[in-house]
Amino acid sequence: MNAYHQLLAATVDYLHQQKARGQRHVVVDPAKLAALTQPEVSKRRPQNPSQTNPSKAASQPAPAPSNVGARADSFEALREMVLACTQCPNLVSSRKNVVFGVGNASADLMFVGEAPGADEDNAGEPFVGKAGQLLTKIIETMGLARDQVYIANILKCRPDTPGKRFGNRPPTSEEMATCSPWLHRQIEFIQPKIIVALGKTAVEGLLEQQVAITRFRGSWQTYRGIPLMPTFHPAYLLRNQALTEKRKIWEDMLAVMDKLALPVSEKQRGFFLPR
Ligand code: URA
């Protein structure tokens with residue numbers, strides 16, 4: 001970690017301590033906050049006009065440096081940089097934890113979801129809430145354990161919901177563009193053989209194109225040379241428990257298992273078929 005990131009990590013730690021003591025606000029010069037979000041990029045390219053407008057800079061993510069993370073020369077260094085990230089001031093002030101990712105960092109199979117929810121923000125781990133429990137069940141039904149695969153999200157921070165006491169919101173396209181370079185770098189380190197993109201946001205974030213998930217799911221795509229299977233988000237199955245919908249996700253997982261040359265029993269092939 002370089003001196004900048006050490007300072008940043010110390011500042012984030014200090015702010016977490018103040019938050020734990022009940023402090024809810026800190027007074028920061030908006031221009032300094034904006035400068036902090038762009039420590040090195042600003043040296044390389046002209047300042048974005050939004051950075052000269054303090055009110056905008058404080059509420060919007062900094063423009064995405066597409067090479068963010070390129071400086072991380074190990075997975076651990078990347079994790080430290082991500083945990084200290086302050087690119088989206090609104091998410092920095094609302095988050096409890098940065099949710100980096102979990103699992104086997106040399107996994108053949110990687111799952112990518114949308115963004116942490118409240119449970120994940122509390123735990124600092126992706127997919128631990130109800131949708132996460134269902135994802136774990138899907139992984140286990142494939143004959144794998146959760147710690148054999150890698151699980152991450154397009155966004156590393158929970159999207160804030162100002163003024164609301166519960167509920168989630170999808171990430172904005174600016175947040176996705178700002179945060180996804182971390183994920184790209186993470187995938188470069190993991191080098192999975194297959195990526196499963198869970199839901200529309202994950203597919204759009206990885207492929208950088210708009211998709212209709214109902215039409216797209218089940219058809220192999222390619223992400224930077226890696227086969228990518230788009231499928232429904234497990235939260236969709238929580239809302240729609242029809243056997244036909246369960247079977248669709250399961251067929252996508254059977255295709256993944258076949259491509260990874262994992263053993264598939266007759267029983268597994270027949271799951272969720274009408275009797
Ligand atoms: N939904 C997601 O997309 N990711 C999580 O980590 C949890 C719920």
Side-chain angles (χ1 to χ4, degrees), residues 37-38 48 50 56-69 78-79 81-102 110-132 134-135 150-187 195-214 216-217 221 223-224 228 230-236 238-239:
T37 64
Q38 290 282 287
N48 183 297
S50 73
K56 217 173 171 201
S59 63
Q60 289 200 347
S66 58
N67 63 346
V68 74
L78 179 69
R79 176 199 293 277
M81 288 173 72
V82 171
L83 296 188
C85 180
T86 56
Q87 288 184 102
C88 306
N90 54 319
L91 305 190
V92 173
S93 59
S94 63
R95 75 187 178 200
K96 293 199 180 101
N97 282 295
V98 178
V99 181
F100 178 69
V102 72
M110 177 164 182
F111 290 86
V112 176
E114 178 175 302
D119 293 322
E120 290 75 21
D121 181 43
N122 277 328
E125 182 173 328
F127 282 101
V128 294
K130 283 213 171 89
L134 183 50
L135 176 63
Y150 199 87
I151 307 174
N153 283 307
I154 297 289
L155 244 60
K156 305 290 184 203
C157 294
R158 182 179 186 218
D160 60 341
T161 51
K164 290 197 189 150
R165 292 187 53 215
F166 48 82
N168 294 318
R169 69 160 172 86
T172 64
S173 50
E174 289 79 15
E175 288 164 347
M176 287 168 67
T178 302
C179 198
S180 56
W182 293 130
L183 177 65
H184 297 317
R185 187 75 177 129
Q186 205 168 10
I187 296 172
I195 296 174
V196 173
L198 300 162
K200 179 180 166 69
T201 303
V203 181
E204 292 188 342
L206 287 168
L207 299 184
E208 293 176 346
Q209 70 178 86
Q210 302 226 313
V211 300
I213 190 67
T214 38
F216 228 66
R217 67 138 279 279
Q221 306 295 319
Y223 164 87
R224 302 184 181 187
L228 179 148
T231 195
F232 290 137
H233 193 286
Y236 169 74
L238 293 176
R239 295 192 302 271

Nearest heavy-atom neighbours spanning Pro234 and Leu134: O-CD2, 3.5 Å

Could you tell me whether the side chain of Arg185 and the main chain of Gly69 form a donor-acceptor pair under 3.5 Å? yes

List the atom of Tyr223, the atom of Leu206, and the distance in Å for their closest heavy-atom pair. CD1-O, 3.4 Å

Looking only at the side chains, is there a donor atom on one of Asn97 and Arg158 sitting less than 3.5 Å from an acceptor on the other? no

Please find the pair of heavy atoms, one from Ile154 and one from Gly205, that lie closest to each other, and give the distance. CD1-CA, 3.8 Å

Looking at Val128, is its backbone amide N or carbonyl O close enough to the side chain of Glu120 to form a donor-acceptor pair, meaning the two atoms are under 3.5 Å apart? yes

Apply side chain to side chain donor-acceptor pair (under 3.5 Å) to Gln186 and list each qualifying residue two or more places apart in sequence or on a separate chain. Tyr150, Lys156

Taking the side chain as every heavy atom from C-beta outward, state whether Lys200 and Phe216 have any pair of such atoms under 4.5 Å apart. no

Cys157 to Pro116 - nearest heavy-atom pair and separation: O-CD, 3.4 Å

Measure across Lys130 and Asp119 and return the closest heavy-atom pair with its distance rounded to 0.1 Å. N-OD2, 4.4 Å

I need the minimum non-hydrogen distance between Ala202 and Val112, along with the two atoms involved. CB-O, 3.3 Å

Any Lys/Arg nitrogen of Arg169 or Asp160 sitting under 4.0 Å from an Asp/Glu carboxylate oxygen of the other? yes

Answer whether the closest heavy-atom distance between the side chains of Met110 and Val196 falls below 4.5 Å. no

Side-chain touch Leu155/Glu114, heavy atoms, less than 4.5 angstrom: no

With sequence neighbours left out, what residues match Arg224 under salt bridge (charged side-chain N to carboxylate O under 4.0 Å, His left out)? none

Is it the case that the side chain of Gln87 and the backbone of Cys179 share a donor-acceptor pair, with hydrogens and angles ignored and the cut-off at 3.5 Å? no

Residues, nucleotides or ligands: over 12 heavy atoms within 6.0 Å of Gln210 CD: no

With no hydrogens and no angle check, is any side-chain donor or acceptor of Thr172 less than 3.5 Å from a backbone partner on Glu175? yes

